[in-house]
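Below: the structure, in structure tokens.
Chain letters run A, B, ... following the sequence lines, proteins first and then strands; every chain starts at 1.
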Number of protein chains: 2
Amino acid sequence: MPDHPQEGPTTHRLGADERRRQILDAALTLFAHHGYAGTTTKAIAREAGITEGLIYHYFGGKAELLVELAKQRSALLLEVRSLLRDEGDAPAARTMPRIARGWVELVRHQGDLVIMLVSEAHAHPEVGAAFAALLDEVRGGLQGYLDRRVAAGELRADLPTAVAAASFLSTLLMFFYTRAELDDAAWEVEARRFTTALLDVWLRGALAREDAP
Amino acid sequence: MPDHPQEGPTTHRLGADERRRQILDAALTLFAHHGYAGTTTKAIAREAGITEGLIYHYFGGKAELLVELAKQRSALLLEVRSLLRDEGDAPAARTMPRIARGWVELVRHQGDLVIMLVSEAHAHPEVGAAFAALLDEVRGGLQGYLDRRVAAGELRADLPTAVAAASFLSTLLMFFYTRAELDDAAWEVEARRFTTALLDVWLRGALAREDAP
DNA sequence: GTCTATACGGAGATAGAC
DNA sequence: GTCTATCTCCGTATAGAC
């Protein structure tokens, strides 16, 4: 990959990639807070610190911003994959708390993206598909891990792993969605408390009997 | 859910209440499918089979439609309350399936309202508040029931009832939200399958040990 | 109570100077 | 690469006829 060094006395000019990111970030923030249709190109330009016309130099139009952002879920997915891979086949009783924390922090960290995906899911098929694909991929990953723990005998053999995984993830997702406006400190406390209690219920429903052979 | 068939502008006169409902129904359908900001007053009029001007005879403006619809959650709440009350203090093992089915059918039946509440929650504080209040009220009701089952000794004493209730409800809500476009037949099948599996995991995590001392 | 006609502002988008 | 100026259309809302 060749570098594209901006040589010369570039004062306030930015590289194309950097500028694109800046515009997308501005759009994402506003889409999450006011919705796609409720956000004007003027507001995006203002948030990004540029003028309206420049948006059209980098993108075909407002709609393209939405599509581009929906694709960003791949970035999110990469993080999730590494999260799940790191845990390998360690015991669920010790690993699930870490997965829970990782998922919660991920969703929180990518909060605007998640809010946008959920909010616009029904108005824009591409967004809905991206959201569904994201959830499904994560669910599939977690399910795979659970299946391995079933095979290892830690989790009970008749555990419906797909639904168990979906329940786990969607509960935490919904928790975030209804608490997104908490400040970081309050969020830390609430999230920890909620996650702990959820693991209590969930693990008991999934574990094999301790007194099994 | 397909759009209602559009009737041309009618000369029929309706009672005020009936006309208001008609307009609100049209608005709800469109808000759920295209979002509030993505819906034009023209489209609402068309969907309701009237002209644009008439909307302003019955409502102060587009924003008032949204607020009015958000208040409708009370209707939903009433249904939920009766659902929970009917179950009284019967054993959870036999009652939770009925509660699950009731909640799922309710959410499905009021699908457009639920989608609107979720989708617009972050863009409009009033809607967000209405959604939070709805979930919280239902969660509180279910939690109350769970507490009684704990007292009765059916559910374990250290069950975190608030989180257990929240998890149960939000899992099913999210299931609906990501499957809203299924036709009724497919929905029946999927919903039954999913609910059964969820109850399996959830109940095992909540019940007192059968082999307890 | 309902429709027709229209005002008014703002939205997305383009052209062209620098 | 960035901004200024501007175009066109459409969205909300109102006035007034029937």
Subject >> Mutual orientation of the aromatic rings belonging to B/Y36 and B/H124 [parallel < 30°, tilted 30-60°, perpendicular > 60°] >> reply: perpendicular
**OP:** Report the distance from atom CZ of A/F59 to atom P of C/dG12, rounded to the nearest whole Å.
**Re:** 15 Å
Subject >> Presence of B/H57 side-chain N/O under 4.0 Å of C/dT2 phosphate oxygens OP1/OP2 >> reply: no
Subject >> Qualifying residues under side-chain contact (heavy atoms from CB on, under 4.5 Å), relative to B/A32, sequence neighbours excluded >> reply: B/D112, B/I115
Original post:
Roughly how many Å is it from CZ in B/R21 to P in C/dG1, rounded to a whole number?
Top reply: 18 Å
**OP:** May I have the distance from B/I55 (atom CD1) to C/dC3 (atom C1'), rounded to whole angstrom?
**Re:** 13 Å
**OP:** Examine distances only and state if a side-chain atom of A/T39 and a backbone atom of A/L30 form a donor-acceptor pair shorter than 3.5 Å.
**Re:** yes
Original post:
Can we say A/R98 and A/D86 salt-bridge, meaning some charged N sits less than 4.0 Å from an Asp/Glu carboxylate O?
Top reply: no
Subject >> Gap between atoms CD and C1', on A/Q22 and D/dG1 respectively (whole Å) >> reply: 13 Å
Original post:
So what does A/I50 touch, heavy atoms closer than 4.0 Å: a base, only the sugar-phosphate, or nothing?
Top reply: sugar-phosphate
Original post:
Taking atom C1' of C/dA15 as reference, at what distance in whole Å does atom CG of A/L54 sit?
Top reply: 15 Å
Original post:
For every nucleotide of nucleotides 10-16 of chain D, 5' to 3': is a protein heavy atom under 4.0 Å from its base (B), only from its sugar-phosphate (S), or from neither (-)?
Top reply: -SBBB--
Original post:
What is the distance from CD1 of A/I23 to C1' of C/dA13, rounded to the nearest Å?
Top reply: 15 Å
Original post:
How is A/Y58 classified with respect to the nucleic acid when contacts are heavy atoms under 4.0 Å: base, sugar-phosphate, or nothing?
Top reply: sugar-phosphate
Original post:
In terms of ring plane angle, is the pair B/F175 and B/F194 parallel, tilted or perpendicular, where the classes change at 30° and 60°?
Top reply: parallel
Original post:
If every non-hydrogen atom of A/L155 is compared with every non-hydrogen atom of A/A92, which pair is closest and at what distance?
Top reply: CD2-CB, 4.2 Å
